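These numbers come from a predicted model, not from an experiment. All ligand and atom numbering here is 1-based and tracks the order in the structure. Along the sequence shown, the residues carry numbers beginning at 1. Scope of the values below: all heavy atoms of this structure, side chains included, with no hydrogens, waters or symmetry mates.
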Amino acid sequence: MIEALLLEGLIARAVQKKLLDVVVHDLRSFTTDRHRSVDDIPYGGGPGMVMKPEPFIRAVQHLRRHRGSPDAVILTSPQGKLLTHKEAVRLSGLEHVVLLCGRYEGVDERVYEEVATEELSIGDYVVTGGELPAMVIVDAVGRHLPGVIGDAASVESDSFVRSLLDWPHYTRPAKLGNHEVPEVLLSGNHLEIQRWRKRAALRRTLQRRPELLGGAQGMDDEEREVLQELQRNEEVRKAGA
Ligand code: 4HQ
């Protein structure tokens, strides 16, 4: 699965360009029994299987010996801290990050206690294995490394850099059936365009993800004013309907 990440796309390109390195290890190669088992039944009973601790612990010891101590050992898990833009940027500043992927119901808690330095979740839902979350982490972190995205300005202008959802984007044609591109975007008036985008981003965030606005500490006076106006409009709309 992880090799798919290395076949195509911007992260694959970045690896080819040696901007980052991704090495995949098979957990089964750190088992010692004849069946190469990585899972076992849960103490206390219940459905499903639990990942055994020793293969993870041996794998991390192996990496420490061969590649030096990692700066972070991340266990992907729904119990982890949510992966956010801020976390992605933080991890992009680290030299050597180990991602531990489990399957089944979960991983023996002692993996966290013994070798993991943090637990990260990609969202409040459950997937069938840690590989996809690990790939999401590599992608979201890797794109912050210099040179991975050709246009650095496009990384900087990303949504969430501003703690807001993105404004709507348009390209040609200017008219598609009944749907026209907002006139201001065709005007060439960059100040007006900037104001429109800011307003659109704030409106969308207010409508779809109001909880993000609490985190928009970076708001300037103009943004706060626009937001207050949008909130007033919303109240008028609700009351009037
Ligand atoms: N997992 N964010 C691995 C997740 C998950 C998530 C479920 C992790 C299965 C074994 N990981 N276990 N959400 O759903 O990171």
Do the side chains of Arg237 and Glu234 get close enough for a salt bridge, i.e. N-O under 4.0 angstrom?
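Yes, charged N to carboxylate O under 4.0 Å.
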Basic-acidic side-chain contact under 4.0 Å: Arg143, Asp158
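Result for this pair is yes, salt bridge flagged.
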Kindly give the heavy-atom pair with the smallest separation between [X] and [Y], and that separation in Å.
X      : Y      : value
Asp108 : Val50  : N-CG1, 3.6 Å
Val60  : Val73  : CG2-CG1, 4.2 Å
Val155 : Val161 : O-CG2, 3.6 Å
Gly130 : Thr76  : CA-OG1, 3.4 Å
Ala174 : Leu186 : CB-CD1, 4.3 Å

Under 4.0 Å from a heavy atom of [X]: give me the atoms of ligand 1 that qualify, with their elements.
X      : value
Tyr104 : 10 (C)
Gly123 : 13 (N)
Gly130 : 3 (C)
Gly102 : 3 (C), 10 (C)
Val126 : 7 (C), 14 (O)

Starting from [atom], what is the nearest protein heavy atom, named by residue and atom, and what distance separates them?
atom                    : result
atom 10 (C) of ligand 1 : Arg103 O, 3.3 Å
atom 14 (O) of ligand 1 : Val127 N, 3.0 Å
atom 8 (C) of ligand 1  : Thr76 O, 3.6 Å
atom 1 (N) of ligand 1  : Pro78 CD, 3.6 Å
atom 13 (N) of ligand 1 : Tyr125 O, 2.9 Å
atom 2 (N) of ligand 1  : Ile122 N, 2.9 Å

Heavy-atom distances under 4.0 Å are what count here, so tell me which part of [X] touches ligand 1: side chain, backbone, both or neither.
X      : answer
Pro133 : side chain
Ser77  : backbone
Glu105 : neither

Give me the ring orientation class for His62 and His25: parallel if the planes are under 30° apart, tilted from 30 to 60°, perpendicular past 60°.
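His62 vs His25 ring planes: perpendicular.
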Would His144 and His85 count as a close aromatic pair, with their ring centres under 6.0 Å?
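His144 vs His85: aromatic centres under 6.0 Å.
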Do any heavy atoms of Leu120 fall under 4.0 Å from ligand 1?
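For ligand 1, residue contact (heavy atoms, under 4.0 Å) with Leu120 is present.
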Take atom NZ in Lys175; do more than 12 heavy atoms of anything else shown fall under 6.0 Å from it?
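Counting other residues, nucleotides and ligands, NZ of Lys175 exceeds 12 neighbours.
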